[in-house]
Amino acid sequence: MSIPSFEDIIEPNDQTAARAEHLEKLRELVGNVYPNKFSRSALSGDEDTVTALKQWDAVASIEAEMADVKSKLGEGERPPAEVKDDMNERLRALGTVRIAGRLTTPPRGNFVHLTDGISKLQVYCKKGAFSVVRNDIQDLLDFPDSWTVWQLLDHGDFIGVEGYLFVTNTGEVSVHIEKLQFLAKALLPMPDKMHGIEDPEIKQRRRYVDLIGSSLAVEHDGLTTREVFERRAKLISSIRRYLEDHGYIEVETPMLTPKATGAAAKPFKTHHNALDIDLYARIAPELYLKRLVVGGFEKVYELNRNFRNEGISYKHNPEFTMLEFYCAYMDVNGMMDFCEKMLQESVQKATGGLVIEYEGNKIDFSNFRRISMAEAVSEPGAIATGLSDSDLLEKFENDVEHTLIQPTFIVDFPKSISPLSKASPENPQIAERFELFINGMEVANGFSELNDPKEQYDRFVDQMAQREKGDEEAMVLDEDYVRALSYGMPPAAGIGIGIDRLTMLLTNKHSIRDVILFPHMRPEKQFATEDTDSTEES
RNA sequence: GGUCCGAUAGCUCAGUCGGUAGAGCAAAUGGCUUUUAACCAUUGGGUCCCAGGUUCGAGUCCUGGUCGGAUCACCA
């Protein structure tokens with residue numbers, strides 16, 4: 001296949017031409033236009049980012065004072081000169097700052113804002129009163145070359161500045177530049193500064209530019225893209241901390257497996273050349289994790305990707321992040337208790353409260369309902385009886401599931417659809433299994449783990465029979481897993497929690513694609529998929 | 001896979017009944033030594049997603065396609 005040219009990739013236009021020309025002129029003035037580093041340091045020596053600098057006590061307190069002064073001013077009035085002078089004296093005494101970032105606007109006049117992706121900091125340069133670092137040799141450019149460099153900066157470029165802090169006439173804390181260093185060029189134009197990128201396709205395909213746009217956008221509904229993924233990260237780290245605080249150990253089990261089993265789903269298939277065998281991307285880590293319970297890891301978890309070769313929808317992506325964990329000697333009820341507490345803690349940490357707003361609904365995590373599937377499909381006070389397992393499930397999925405807005409554990413699943421869970425001691429037709437529903441969406445699935453190897457074998461055989469009958473998603477017999485259980489597994493409970501869906505809830509996003517940085521999409525036509533066969537050894 | 005909706009300048013979007021392709025931001029040029037999304041003036045910038053069709057004439061109407069979104073089915 002032909003290799004696309006650089007121009008094919010960046011698609012030149014008048015804007016890129018101007019930027020490329022600026023880059024060449026800058027190269028003549030400063031030498032290397034892509035220098036290797038810029039040492040950032042600010043007042044106490046620890047503030048390396050714009051955000052850290054703005055949050056540092058001395059700076060934050062002056063900003064707070066100024067906000068107070070400005071709040072008492074009328075429209076168009078400026079802070080009194082004596083207030084400003086006093087602050088400037090205090091700021092000047094703090095010393096020199098070295099700070100770097102991306103330009104959030106084109107340089108206009110003498111001002112520009114730098115961003116670290118979170119906060120913005122204004123910098124001011126006085127024509128003729130600052131120098132530009134030459135990146136090729138230890139030397140400085142002075143006026144008029146320094147001013148030329150300033151004028152060659154574009155919206156989106158990276159610069160580093162050295163200078164002192166001051167407040168402007170309008171009361172904004174800014175850096176007065178003494179030295180400026182050019183750090184990197186943006187050859188492509190930045191997104192609209194008011195709206196960022198709105199086209200959902202470009203937002204998802206080019207998440208980097210969505211992130212640039214969303215951090216700079218003035219107007220946005222709800223969380224910015226960056227905030228969505230920061231909240232996702234907070235959720236995940238708080239879950240990890242909670243599990244580790246409770247004695248769980250994180251493990252990694254195979255993603256490429258000889259058998260796709262442990263869940264009801266269609267797998268992705270691939271091929272290992274050296275071994276000449278087919279492998280499947282895992283659909284669940286479940287059976288590997290329980291092998292570890294057999295081996296003596298009494299509390300074990302894995303938080304990573306699963307792959308299912310199925311449809312794409314607002315709540316399905318071919319690869320999705322799932323938390324699975326197992327606890328020895330626990331049953332389904334203990335697992336529901338633990339899950340409830342863990343989710344409450346995580347929601348609190350990620351959002352700051354237990355009540356979230358999702359698509360107009362208030363969802364309260366402070367109390368999870370528990371009702372049986374039979375109760376859920378029945379009129380109040382009259383439990384439906386005589387339904388077959390499949391009718392019960394169908395009625396539940398069609399009539400009830402979407403009505404479960406508040407966190408609700410549905411318990412007492414039919415055993416026939418739960419091939420890995422233990423039967424209830426009271427009713428052999430019922431599995432000790434639950435699913436957690438929030439906003440009509442399944443978020444978790446857990447059960448008392450079946451640990452009788454012979455019964456597990458029989459259940460697999462039953463699944464294989466259904467497979468024979470054409471059920472592509474019936475579970476595949478895993479002989480080694482049956483062997484593992486035969487070494488003895490303690491009673492245990494396990495759970496799987498859909499992290500993407502939980503994130504959707506906590507970020508008020510309707511689509512799973514909005515909470516996955518790079519969701520699955522068709523490849524762009526002009527950049528065909530790589531022909532991997534041609535790289536194969538012959 | 002079914003149904004519905006969408007694609008116009010780098011970005012955000014208008015475009016009436018089928019009659020010369022528009023605005024704001026961004027860009028270029030000039031001015032400006034403290035501006036707060038948008039300083040002032042001037043200028044340039046279009047395969048109206050693609051391919052057909054109807055028409056004197058199509059961004060606009062019709063058919064097919066591509067890509068995307070919503071929704072239903074399947075699924076977690």
Side-chain angles (χ1 to χ4, degrees), chain A residues 10-19 21-22 70 76 78-79 84 88 104-113 120 122-130 143 147 150-151 154-156 166-174 176 186-205 209-210 212-213 216-219 263-266 283-284 306-324 397-398 401 435-437 441-445 472-473 496-502 504 510-514 521-526:
Chain A
I10 68 163
E11 300 176 43
N13 54 40
D14 60 326
Q15 317 238 353
T16 61
R19 287 165 180 270
E21 195 187 322
H22 294 167
K70 282 161 84 172
R78 291 186 164 182
K84 198 187 73 165
N88 278 340
T104 68
T105 53
R108 216 180 0 251
N110 305 78
F111 287 94
V112 76
H113 282 88
K120 291 197 294 187
Q122 178 166 270
V123 299
Y124 166 76
C125 83
K126 192 168 179 174
K127 190 174 179 176
F130 73 104
F143 188 82
W147 186 245
W150 176 262
Q151 290 175 307
D154 287 306
H155 182 190
F166 74 112
V167 288
T168 61
N169 288 342
T170 52
E172 180 165 343
V173 172
S174 310
H176 191 120
L187 285 175
L188 289 170
M190 293 293 109
D192 186 278
K193 66 184 168 199
M194 275 298 277
H195 309 92
I197 298 285
E198 297 280 356
D199 180 341
E201 180 177 355
I202 298 179
K203 278 171 87 77
Q204 292 165 15
R205 281 195 195 282
V209 75
D210 175 31
I212 295 168
L216 307 186
V218 176
E219 286 180 350
K266 286 175 232 158
I283 55 175
N306 288 345
F307 307 86
R308 299 191 182 175
N309 205 343
E310 288 159 358
I312 294 175
S313 80
Y314 76 95
K315 54 180 174 175
H316 296 91
N317 194 60
E319 54 180 300
F320 62 101
T321 300
M322 177 117 119
L323 164 69
E324 278 200 20
E397 287 178 348
N398 292 338
E401 211 176 286
E435 286 188 357
L436 172 63
F437 291 87
M441 201 161 53
E442 185 191 333
V443 169
N445 176 14
E472 279 186 273
E473 296 183 353
I497 298 179
I499 297 297
D500 310 285
R501 289 183 178 183
L502 198 52
M504 286 166 67
H510 179 66
S511 170
I512 198 168
R513 304 154 83 76
D514 290 332
M521 301 188 85
R522 278 195 178 80
E524 292 179 78
K525 230 186 329 188
Q526 67 269 37

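Hydrogens, waters and symmetry mates play no part in the numbers below; they use all other heavy atoms, side chains included.
Within the structure, every side-chain polar atom (N or O) of A:Gln15 is placed at least 4.0 Å from both OP1 and OP2 of B:G44. Between A:Lys126 and B:U34 there is no side-chain polar atom (N or O) within less than 4.0 angstrom of OP1 or OP2. Contact between the side-chain N/O atoms of A:Arg205 and the OP1/OP2 oxygens of B:G68 is found at a separation under 4.0 Å. In terms of phosphate contacts, A:Arg522 brings a side-chain nitrogen or oxygen within less than 4.0 Å of OP1 or OP2 of B:C67.
With a cut-off of 3.5 Å on both Watson-Crick or G-U wobble distances, the partner of B:G10 is given as B:C25. In this entry B:A76 has no Watson-Crick or G-U wobble partner, no candidate having both defining distances under 3.5 Å. The partner of B:C17 cannot be assigned: no Watson-Crick or G-U wobble pair with both contacts below 3.5 Å exists in any strand. Pair assignment for B:G57: none, as no Watson-Crick or G-U wobble contacts are both less than 3.5 Å.
In this structure, A:Asn317 reaches the bases: a heavy-atom distance under 4.0 Å links it to at least one base atom across the strands shown. Using a 4.0 Å heavy-atom cutoff across all strands shown, A:Gln122 reaches at least one base atom of the nucleic acid. Heavy atoms of A:Ala265 sit nowhere under 4.0 angstrom from any nucleic acid atom. Using a 4.0 Å heavy-atom criterion, one finds that A:Phe166 contacts the bases of the nucleic acid, with or without backbone contacts as well.
If you measure from atom CZ of A:Arg513 to atom P of B:A76, you get 19 Å, rounded to the nearest angstrom. Here the C1' atom of nucleotide B:A76 and the CG atom of A:Leu502 are 13 Å apart, to the nearest Å. A:His22 places its NE2 atom 6 Å from the P atom of B:U29, with the value rounded to the nearest Å.
Taking the six-membered ring for Trp and the full ring otherwise, the centers of A:Tyr124 and A:Phe166 sit less than 6.0 Å from each other.
Centre separation under 5.5 Å together with a plane angle under 30° holds for the ring of A:Phe320 and the six-membered base ring of B:A76, marking them as stacked.
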